[in-house]
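Below is one structure, written out as structure tokens, with a few remarks after it.
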Amino acid sequence: MPVLSRAKLRAAALTDPGCVRTNNEDAYALLAEQGLFVVCDGMGGGAAGEVASRMAVDAIVEHLGDAPEDATSAGGPEGVGYRPKTRRLAQAIQLSNERLYAEARLNPQHTGMGTTVVAAWIDGDTVCVAHVGDSRAYLWRPGRLEAITSDHSVVEAQVQAGLIAREESLQSRNQNLLLRALGPEPAVEADLNEVPLSPGDYLLLCSDGLTTMVPEPLILQIVERGGSPQHICDALIAEARSHGGADNITVVVVEVVRSPWDRVLGLLR
Ligand code: CA
């Protein structure tokens, strides 16, 4: 699996079919040079799920490679009021949705295909995040694992409405029911977020094969133990497998590397 680095980021990714499924419908992109990271979790009969997640990742990466630097000149209403990179993420997800929707209508084998997406793009000292579905982004800081996405799922809606406790949500039968995905509708709205980054932070993107198997306090402990992004990816996948690995598992871990100077400043604070 790739381990790439650039000035201030170290990143790694790992995907695993889990312990039950023979195919893997998750897909990811890790472009550390561009500071761009994507996880998609596909769905649909036969090979449709695998096709959907790969198509979505490829469309997003392709669009962000081609799109003009200034998203405001690219037109489109997505993400007004956000940074150009966040707007470009929103536009890339929209385009990716259009491709999937068209493919599902053209090709009977791919009817009903869809995918989640969570994408993060580092813009200086900020991470721009866009997502649809129940693949998640977290930010880890010492002692704290903060979810920076909120699932578009029936279970999350029930938690938000106070109908079930968050702890109960892991046992819910509605675990797989999404309220939003790429593919089924001609247009989709991505949720957008922009979060400041500090040296020493870790960013985690993952499919629900991690979060339905491993409770958040345990994810926090594993990231807390530290080590390289590759080491953390390995440990998270191993933990999900040890809890049953009922679904495909994908994790991307990005470390915002502390420079020696950051360490000195940290000691002085
Ligand atoms: Ca999944």
Side-chain angles (χ1 to χ4, degrees), residues 1 13-30 37-60 93 96-97 100 104 110-120 129-138 147-159 166 169-185 188 190-191 204-216 218-219 222 233-253:
M1 285 296 121
L14 194 57
T15 189
D16 188 284
C19 307
V20 175
R21 299 190 174 186
T22 50
N23 63 336
N24 191 340
E25 299 184 331
D26 290 357
Y28 69 85
L30 184 155
F37 310 95
V38 186
V39 169
C40 287
D41 174 356
M43 61 205 80
E50 286 163 68
V51 174
S53 58
R54 179 41 59 193
M55 268 184 71
V57 167
D58 290 349
I60 290 166
I93 287 175
S96 165
N97 181 70
L100 260 66
H110 294 159
T111 301
M113 77 175 187
T115 185
T116 70
V117 60
V118 58
V129 183
H131 89 287
V132 174
D134 65 356
S135 295
R136 296 184 187 171
Y138 288 94
I148 54 175
T149 54
S150 177
D151 293 352
H152 303 132
S153 65
V154 168
V155 167
E156 181 61 28
Q158 288 174 323
V159 170
R166 189 161 294 285
S169 67
L170 278 178
Q171 271 73 51
S172 171
R173 287 181 182 183
N174 296 327
Q175 211 55 258
N176 293 326
L177 295 181
L178 295 184
L179 297 175
R180 275 189 237 175
L182 300 193
E185 304 288 338
V188 71
D191 278 359
L204 167 68
L205 305 186
C206 59
S207 63
D208 70 333
L210 178 72
T211 49
T212 55
M213 292 289 117
V214 186
E216 283 182 3
L218 203 45
I219 298 177
I222 290 170
C233 284
D234 292 343
L236 289 171
I237 299 264
E239 194 68 35
R241 289 182 63 95
S242 79
H243 283 73
D247 196 359
N248 307 142
I249 315 146
T250 301
V251 292
V252 174
V253 174

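Treat the numbers as computed from the prediction; the structure is a model and nothing was measured. Values reported hereafter were calculated over all heavy atoms of this structure, with side chains retained and with hydrogens, waters and symmetry mates removed. Remember, it's 1-based here, ligands and their atoms both numbered in the order they're listed. We count residues from 1, following the sequence as given.
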Among the N/O/S atoms of D208, which is closest to the Ca ion (ligand 1)? Give the atom name.
OD1

Euclidean distance, I219 CD1 relative to C206 SG, rounded to 0.5 Å
6.0 Å

Could you tell me whether any N, O or S atom belonging to D247 is less than 3.0 Å from the Ca ion (ligand 1)?
yes

Between the Ca ion (ligand 1) and D41, which N, O or S atom of the residue is the nearest one?
OD2

Could you list the residues that satisfy salt bridge (charged side-chain N to carboxylate O under 4.0 Å, His left out) with D16, not counting sequence neighbours?
R241

When you measure from the Ca ion (ligand 1) to the N, O or S atoms of D26, does any of those distances fall below 3.0 Å?
no

Side-chain H-bond candidate by donor/acceptor type, D41 with T250, under 3.5 Å
no

Qualifying residues under salt bridge (charged side-chain N to carboxylate O under 4.0 Å, His left out), relative to E216, sequence neighbours excluded
R136

